[in-house]
Amino acid sequence: LREAFAEVDFRSRGCDISADEVIVSDGSKCDAANILDIFGTGNRVGVCDPVYPVYVDTNVMAGNAGAPDPGDSTGRYSGMVYLPMTAENNFVPTPPPEDGSDGALDLVYLCSPNNPTGAAATKDELAAWVAYANRHGSILLYDAAYADFIHDPSLPKSIYEVDGARDCAIEMRSLSKTAGFTGTRCGYVVIPKTLERPGPDGKPVSLHALWSRRQSTKFNGVGYVVQRGAEAAYSEAGRAQCQGLIDGYMQNAASMRKSLTEAGLSVYGGENAPYVWVGCPDGADSWGFFDQLLKQAHVVGTPGAGFGSCGEGYIRFSAFNSLGRVEEAMSRVVAQLGVAAGR
């Protein structure tokens with residue numbers, strides 16, 4: 001199974017990743033949380049805003065986030081560094097200024113294609129982060145759970161497509177959306193064996209060895225039957241079937257984009273990711289628009305404010321359903337927008 005992961009997801013794209021640098025897990029959600037076990041306290045942690053909540057909440061649990069910021073009503077924590085993602089930067093975060101007095105980031109969570117915004121970073125945008133990390137000794141925690149939804153051949157599907165990433169990046173992958181393993185649970189983490197950082201005594205420590213020890217001690221592993229299923233998903237026939245599933249989801253996303261754009265909304269994502277990020281109409285707030293669609297159109301989205309302060313004013317729609325249900329949902333949303341506008 002590890003050989004299949006290394007060959008299909010990395011070596012076929014020119015990435016120098018070997019099977020023994022892959023550690024199988026029960027999914028990238030758990031990995032994004034548990035990876036903190038191998039890092040010490042006192043790290044300066046950067047997260048995107050809007051953000052997949054697990055990144056923040058697990059740092060709160062680990063004691064890395066500090067106290068809630070008393071001057072911020074959006075739920076931010078004083079010890080976290082928030083990297084804004086907005087329409088102005090195409091929802092791709094940029095490294096922070098390097099002339100600040102607070103010091104560089106130690107750990108940075110990146111997700112591409114992004115949940116919730118659906119934005120996918122270019123190779124140059126990822127290269128800027130790799131260069132930043134290598135200048136400062138930072139570690140990039142790169143969540144590529146939705147990499148297989150990237151259709152644009154110019155966009156990287158792995159951080160390791162960027163030169164220098166083996167020296168600073170840990171990549172997490174999931175079969176949940178790619179192969180429908182959400183309830184079955186299977187994913188993996190890649191940590192290059194050459195990736196080291198100084199320990200308390202200043203001597204270099206292998207992060208791969210630390211993670212391997214952590215998993216061996218605190219995780220019973222993925223069931224054999226599930227691993228065989230994952231291996232089958234990576235066979236020639238399995239990949240063709242998974243691609244058909246992905247193509248169907250992306251058809252749903254395209255349908256959502258078309259309907260919502262024609263309805264006059266600002267629409268992002270949905271081209272290289274299964275999520276469509278939509279600006280709320282007429283200055284409505286996230287929860288207000290959510291309530292309107294739920295109560296009047298009987299359609300559920302996810303309020304952008306739930307992903308952070310920069311998510312306010314947006315709502316996320318998911319492409320994970322049948323085309324018929326997606327089209328029915330969009331017809332209800334469009335009809336409700338017409339009613340609200342008096343059309």
Side-chain angles (χ1 to χ4, degrees), residues 28-29 31-69 71-72 74-86 88-117 119-122 124-146 156 159-160 162 164-165 167-172 189 191 195 197-198 207 211 304 306-312:
S28 56
K29 174 183 179 180
D31 294 332
N34 294 331
I35 198 72
L36 294 173
D37 282 0
I38 71 171
F39 296 105
T41 59
N43 287 305
R44 198 160 180 260
V45 181
V47 294
C48 302
D49 183 0
V51 63
Y52 181 44
V54 170
Y55 306 158
V56 173
D57 293 346
T58 53
N59 273 280
V60 173
M61 294 175 186
N64 296 334
D69 188 340
D72 193 303
T74 61
R76 286 186 169 189
Y77 288 84
S78 59
M80 302 288 287
V81 178
Y82 294 85
L83 308 166
M85 296 194 303
T86 65
E88 286 69 31
N89 63 10
N90 296 315
F91 299 102
V92 176
T94 56
E98 300 189 37
D99 56 355
S101 59
D102 294 331
L105 299 174
D106 298 303
L107 303 175
V108 183
Y109 287 85
L110 299 176
C111 179
S112 180
N114 184 261
N115 177 14
T117 68
T122 66
D124 286 345
E125 288 166 338
L126 292 183
W129 275 109
V130 169
Y132 173 90
N134 282 329
R135 281 196 301 272
H136 298 287
S138 313
I139 295 293
L140 305 179
L141 303 175
Y142 188 74
D143 187 346
Y146 303 98
I159 190 73
Y160 299 119
V162 177
D167 299 321
C168 64
I170 294 172
E171 183 161 315
M172 305 169 192
V189 173
I191 305 184
L195 180 53
R197 286 297 181 269
L207 297 188
W211 180 245
F307 298 102
S309 62
C310 289
E312 179 56 84

Which heavy atom of [X] sits nearest to which heavy atom of [Y], and what is that distance?
{"X": "Asn90", "Y": "Ala119", "result": "O-CB, 3.6 Å"}
{"X": "Val60", "Y": "Ala65", "result": "CG2-CB, 3.6 Å"}
{"X": "Pro93", "Y": "Leu110", "result": "CG-CD2, 4.0 Å"}
{"X": "Leu83", "Y": "Thr94", "result": "CD2-O, 4.3 Å"}

**Q.** With Ser309 via side-chain contact (heavy atoms from CB on, under 4.5 Å) - residues at least two apart
**A.** Asp49, Thr74, Arg76
**Q.** For Ala133, all residues meeting side-chain contact (heavy atoms from CB on, under 4.5 Å), sequence neighbours excluded
**A.** Ser138, Leu140, Cys168
Q: Please list, chain by chain and in numerical order, all residues satisfying ring-ring contact (aromatic ring centres under 6.0 Å, His included) with Phe39, sequence neighbours excluded.
A: none
(Q) If the condition is ring-ring contact (aromatic ring centres under 6.0 Å, His included), which residues does Tyr132 pass it with, not counting sequence neighbours? (A) Trp129, His136
Do [X] and [Y] come within less than 4.5 Å of each other through their side chains, counting heavy atoms only?
{"X": "Asn89", "Y": "Thr86", "result": "yes"}
{"X": "Pro96", "Y": "Leu105", "result": "yes"}
{"X": "Pro50", "Y": "Met85", "result": "yes"}

(Q) I need the single residue from Leu195, Asn34, Ile170 that forms a side chain to side chain contact (heavy atoms under 4.5 Å, CB included) with Trp211. Which is it? (A) Asn34
Q. Please walk me through it: do Asn64 and Leu107 pass side chain to side chain contact (heavy atoms under 4.5 Å, CB included)?
A. CA-CA 11 Å; Asn64 296 334; Leu107 303 175; 5.6 Å; no
Q: Any chance you could lay out the side chain to side chain contact (heavy atoms under 4.5 Å, CB included) test for Leu126 and Tyr142, step after step, and finish with the verdict?
A: CA-CA 10 Å; Leu126 292 183; Tyr142 188 74; 3.6 Å; yes
Q: Determine, stepwise, if the pair Asp69 / Tyr77 fulfils side chain to side chain contact (heavy atoms under 4.5 Å, CB included).
A: CA-CA 5 Å; Asp69 188 340; Tyr77 288 84; over 6 Å; no
Q | Inter- and intrachain pairs under salt bridge (charged side-chain N to carboxylate O under 4.0 Å, His left out), touching residues 105-114, at least two apart | A | none
Q.
According to ring-ring contact (aromatic ring centres under 6.0 Å, His included), does anything in residues 40-64 pair up with another residue at least two apart or in another chain? List the pairs.
A. Tyr52-Tyr55, Tyr55-Tyr109
